[in-house]
Amino acid sequence: MKPITLFLISLLFVACHDSPKLSKEKNLPKTPKFGIVIHGGAGVIKKENMTDSLQKAYEEKLQEAIDVGHKILSEGGTALEAVQKTINVMENSPLFNSGKGAVLNAEGIAELDASIMDGKTKNAGAISGVQHIKNPINLAYKVMKESEHVMLSAKGAEEFAMLHDLEFVENSYFMTKRRKRALEASKAREKGISSSEFFLSNEKYGTVGCAALDQDGNLAAGTSTGGMTNKKYGRIGDSPIIGAGTYANNKTCAISATGHGEYFIRNVVAHDISAMMEYQGISLEQAAKRVIQKKLTDLGGTGGIVGIDKNGKVIMEFNTPGMFRATKNVKGETEIKMYKD
Ligand code: ASP
């Protein structure tokens, strides 16, 4: 037998011998890829200012919220559904500045903003200044799905809500003692009467948001808020503004922001992070750090973002002393934090 024939026969032998192993590997079930990350607002959140019971209450609610979204994703549900249902948990809790427990405007009324974006279609829905919608994120979702518009405001948004079976509540449903005290303190400070600085700064933020990647590789993000205490003249922050407070694009990432909205609008924070990834080819982590720690900070803006990229990599970046935040990965490992470290 010629050496070349011998060589070919031995090659064939190795290939046949190895093939069962190879095919076994090929048949292994693929690990699903999905992920979820949430925030419950950024601000002066410090251990020394927190009671054990309040910390526990936040941790439990963040856990409950992230579990809801994670379950939807692990069962093959969409990122959009996970974002919406996760945010609903936080909207229904008085702990956060969204839905029940929202901050009050200068007239003592809760005025709510929300937005949601689908990274696959880049469709988006947003509402601002509504006063009677129990779960504003659900209305933002309806605007995205059932209207030809992206953003509806105040009375018009509520008229649209009536046509789409949204749950209405009295404005008093949203109010809590804590937010009433924060408004009083803010008004007192305006008049030059000193009030607890801690109380004011601690009560400033608390918006909720979520970013998720589903098993089909689709990204989505959403944000829901009462805005900022003592806001006037129909003020609208970044949360309902697509590109500022919320953004999702399957090519890059999904982002939800929280903080001093004016600065997030001026920096177009959520879209800027996505654009850096798309045009500069940098990672979500690099882009988020550059925007939050440099561009936003240089202008004097405070707050943070949560985000997830198309590979499921999560980021929770902020320039404040704390941010309520949580994430849960494919393996079910959860991380819940509120202080810097
Ligand atoms: N970004 C929100 C706003 O400016 C406030 C917050 O995140 O807590 O309306």
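Starting from 1, each residue takes its place in the sequence as its number. Just follow the structure's listing: the first ligand is 1, and inside any ligand the first atom is 1.
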query = Going by the order shown, which atoms of ligand 1 are within less than 4.0 Å of some heavy atom of Thr258?
reply = 6 (C), 7 (O), 8 (O)
Within-shell test, Gly41 vs ligand 1, heavy atom, strictly < 4.0 Å = no
note = For Gly206, the ligand 1 atoms with a heavy-atom partner under 4.0 Å come out as 8 (O)
ask   = Taking only heavy atoms of Met228, which atoms of ligand 1 are found under 4.0 Å from at least one of them?
value = 4 (O)
query = Which atoms from ligand 1 have a heavy atom of Ser239 less than 4.0 Å away?
reply = 1 (N), 2 (C)
Contact summary for Tyr263 and Gly301, nearest pair of heavy atoms = CG-CA, 3.4 Å
ask   = Which option out of Val208, Thr223, Val103, Thr207 puts a heavy atom nearest to atom 6 (C) of ligand 1?
value = Thr207
Modelled atom types, side-chain donor and acceptor of Asp113 and Ser239, under 3.5 Å = no
request  = Hey, can you tell me if Tyr58 and Phe324 have their rings parallel, tilted or perpendicular (30° and 60° cut-offs)?
outcome  = parallel
ask   = Just heavy atoms, cut-off under 4.0 Å: does Arg235 contact ligand 1 by side chain, backbone, both, or neither?
value = side chain
Side-chain H-bond candidate by donor/acceptor type, Gln55 with Lys47, under 3.5 Å = yes
ask   = Can you list the atoms of ligand 1 that are under 4.0 Å from a heavy atom of Gly227?
value = 5 (C), 9 (O)
message = So if I count the atoms of ligand 1 from 1 in the order they appear, which ones are less than 4.0 Å from some heavy atom of Asp238?
response = 1 (N), 2 (C), 3 (C), 4 (O)
query = Does Lys100 make a cation-pi contact with Tyr173, if we ask for NZ or CZ under 6.0 Å from the ring centre and within 45° of the axis?
reply = yes
message = Taking Glu190 first and then Lys232, would you say they form a salt bridge - that is, a charged N and a carboxylate O separated by under 4.0 Å?
response = yes
ask   = Should Asp298 and Lys294 count as an ion pair when the cut-off is N to O under 4.0 Å?
value = yes
